[in-house]
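Here is the naming used below: chain letters follow the sequence lines, and residue numbers restart at 1 for every chain. Excluded from the calculations below are hydrogen atoms, water molecules and symmetry mates; all remaining heavy atoms, backbone and side chain alike, are included.
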Protein chains: 2
Amino acid sequence: MTMEDVAREAGVSVASVSRALSGARRVRDDVLENVQRAARKLGYQLDPIARALRSGRSGTVGLVVPDIASPFFPALASGLESGLRETGTSMFLLSAQNDPDLERECVDQLIARRVDKILISPVHHVRSRRIVDQARSSASIVQVDRYASLRTHRVLTDPRQTIGLVLDHMASQGCVRFAFVGAADSASVSISRLAAYRTKVKQIDASGVERTLAGDYSLGWGHEAAKRILQHWSDVDAVVCGNDLIALGVIQEFIKQGRDVPKDVAVTGCDDSVFSSTSRPSITSVEQPVTVMAVRAIGLLSGHFTNDPVTALLKPKLIVRESTRRNLECASTPKRLSTSSANQNNEI
Amino acid sequence: MTMEDVAREAGVSVASVSRALSGARRVRDDVLENVQRAARKLGYQLDPIARALRSGRSGTVGLVVPDIASPFFPALASGLESGLRETGTSMFLLSAQNDPDLERECVDQLIARRVDKILISPVHHVRSRRIVDQARSSASIVQVDRYASLRTHRVLTDPRQTIGLVLDHMASQGCVRFAFVGAADSASVSISRLAAYRTKVKQIDASGVERTLAGDYSLGWGHEAAKRILQHWSDVDAVVCGNDLIALGVIQEFIKQGRDVPKDVAVTGCDDSVFSSTSRPSITSVEQPVTVMAVRAIGLLSGHFTNDPVTALLKPKLIVRESTRRNLECASTPKRLSTSSANQNNEI
DNA sequence: ATGAAAGCGCTAACAC
DNA sequence: GTGTTAGCGCTTTCAT
């Protein structure tokens, strides 16, 4: 079943069929109708492989995530897929398993398959830069959540706001001595959050600038970090963590050592993972506006910004839970899930 | 950069280059070497689109999951991707968003792109059957975790063993009055687990056969189900849940109503989600052997079983946690706070 | 074992 | 606007 069959059925040339079906060039209305009817009658489907070979385009988009097994990326992928489906584009997802070399292979695969739009959350702040920049020449590309190149569009949750939200909140709960526990890896978010903490904490607790710890995104590192805090900085009453898993570890260790969370020390996470609401105490965290990210990223993908790369900094949302609620007078009634699903994640 | 360039460089015909590079047919050793050297020198890469068009195959595999945002599937996808990477095949992941129609589109997309191997976890026990069976004529296909067709290979965790493990365990903890809380959806696992419960519980507590509740895989349904149990079957001391989220909801509601878990009533989940180990009480659950699933599925994909469809029933693993530990003499010391970030799920 | 040549199904020039 | 035709880069007969 090829175009030739449709052409015969419709009584026109294959070129007309192609033009009618691809919508690229104009054809007469009666031709269009004839072709569409013939195609429907025969159950004809355009062959994406043949058209990709001939035209060099495929009309599909590829998404490369650092690791599909990490908590945040399935949600991101889901949001992007939904958004794209509305425009009728299908998305192919690849996971780089946190390895820049595999990431390069993934991108090369996509390009070789004539994918003309690539969404990527680069594994490594530095090592992913080349592959991102190189891909620019073969496809339109947007970095999501993480980034490696400043010459390519980016849409990410503003790390300054993310950290700002938790610091302000903890300060409002009466915290005065801050510390930060992050990861030493090379994802841009890790780096940005640490930097944002250093900048912001000065205004609240200048000594907090020195109190930063870097390990990895694991429960075990949270335990270790909590021990170090108790040992060296026992007067700390607010710990900002780079993600929820670390926060959970920190909290567990504090409790084990007889500290009360949040009364003795308040703790926050990042990214609002599932277990943040179910662990006990539940963990105050910062939610990323996944849906908005998807919309903005998709917009940038197809937008014809011939000039400068654009950076979309999105507004995160603080989710207050038990791990920081020390101030009983101020605390609103504990609502775990916001009732309004309305989107307040307006971009700045 | 095409094959012609390589042919010229190597001093042979394009046909020989094709033969040498694809490894399909034999070429003389010196030709092989010449071609490989030329290809390397020029940095030549085979064009997957052109070869797919001409040969009808692509050498890649597609994975269609019901919903990438659901807890279990990222892990499954990750396992499959790792396994495939070892064989040098790249995998494209598609999510059907729990919609059989979208699932059909995904499969059609893959077939249109000449993917010759498809891994699928069908959305719907019945409605996905046709698409799975139809795909068989265009690609070798294996159902993973869920299934919709008995005419196609399946690899899944044995639901009877899964349910058997939790029932036996609870019985050993002294439980005598059982109930089951599952989902009314149409994924094969939901159906199988319910059926397995009905069959197995007879041997322990015949009246338990009648005590089954079906809702959906949500926290809210867990709350609701717990209320109903307290209302109608207040003497129940063991609740088997279809997944961890339901179990969590059930536990929360029981505690809210003043029951002690596990002393008054023991509760189990399924699938061993992240939060099972972090919620309090932590939830006894059954882990699916993802790695083994991946290995078996990949094996079936390429195995040339011309005859009957094979069914691989894999062995699940019970993870005992606080939600069922009532028997103090038998219980090992409850360790919630492991310091190592190493996997603490080997605590059977 | 190798080369020449015919397509895979489509789109993009190019004529009309 | 529409049809004719030449490829996109490769694999696969078919000769040799």
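- When each of Pro122(A), Ser128(A), Ser188(A) is paired with Gln143(A), the side chain to side chain contact (heavy atoms under 4.5 Å, CB included) condition holds for Pro122(A) and for no other.
- Although no hydrogens or angles enter the test, the distance criterion places a donor-acceptor pair under 3.5 Å between the side chain of Glu103(B) and the main chain of Val123(B).
- Straight-line distance from the CE atom of Met1(A) to the P atom of dG9(C): 11 Å, rounded to whole Å.
- Contact check of residues 29-41 of chain A against DNA chain C (heavy atom, cut-off under 4.0 Å) returns no residues at all.
- A donor-acceptor pair under 3.5 Å is formed between the side chain of His125(B) and the backbone N or O of Tyr147(B).
- For Asp30(B), the CG atom counts as densely surrounded, since its 6.0 Å shell holds more than 12 non-hydrogen atoms of other residues, nucleotides or ligands.
- A distance-only check finds a donor-acceptor pair linking the side chain of His153(A) to the backbone of Val310(A) [under 3.5 Å].
- Atom CZ of Arg51(A) is separated from atom C1' of dC8(C) by 16 Å (rounded to the nearest Å).
- A salt bridge links Glu81(A) with Arg85(A); the closest basic N to acidic carboxylate O contact falls under 4.0 Å.
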Using atom names, set out every protein N or O paired with an N or O of nucleotides 12-16 of chain C below 3.5 Å, distance rounded to 0.1 Å.
| from | atom 1 | to | atom 2 | distance (Å) |
| --- | --- | --- | --- | --- |
| dA12(C) | OP1 | Arg57(A) | NH2 | 2.9 |
| dA12(C) | O4' | Arg54(A) | NH2 | 3.4 |

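- We find the CG-NZ distance between Asp5(B) and Lys41(B) to be 12.0 Å, quoted to the nearest 0.5 Å.
- Residues Thr157(A) and Gln288(A) have side chains that bring a donor and an acceptor to within less than 3.5 angstrom of each other.
- Under 3.5 Å, the side chains of Gln97(B) and Ser82(A) contain a donor-acceptor pair of N or O atoms.
- Contact annotation: Arg26(B) side-chain N/O to dA1(C) OP1/OP2 distance is not under 4.0 Å.
- Closest-nucleotide positions on DNA chain C for Ser16(B) and Asp47(A) were compared, and the one nearer the 5' end corresponds to Ser16(B).
- No donor-acceptor distance shorter than 3.5 angstrom exists from the side chain of Arg154(A) to the backbone of Thr152(A), with no hydrogens or angles considered.
- Taking every nucleotide of DNA chain D with any atom under 4.0 Å from a non-hydrogen atom of chain B, the first and last of them, 5' to 3', are dG9(D) to dT13(D).
- Distance check: Arg296(B) CZ to Leu156(B) CG gives 11.0 Å after rounding to the nearest 0.5 Å.
- When the C1' atom of dG7(C) is taken as reference, atom CG of Leu53(A) falls 12 Å away, rounded to whole Å.
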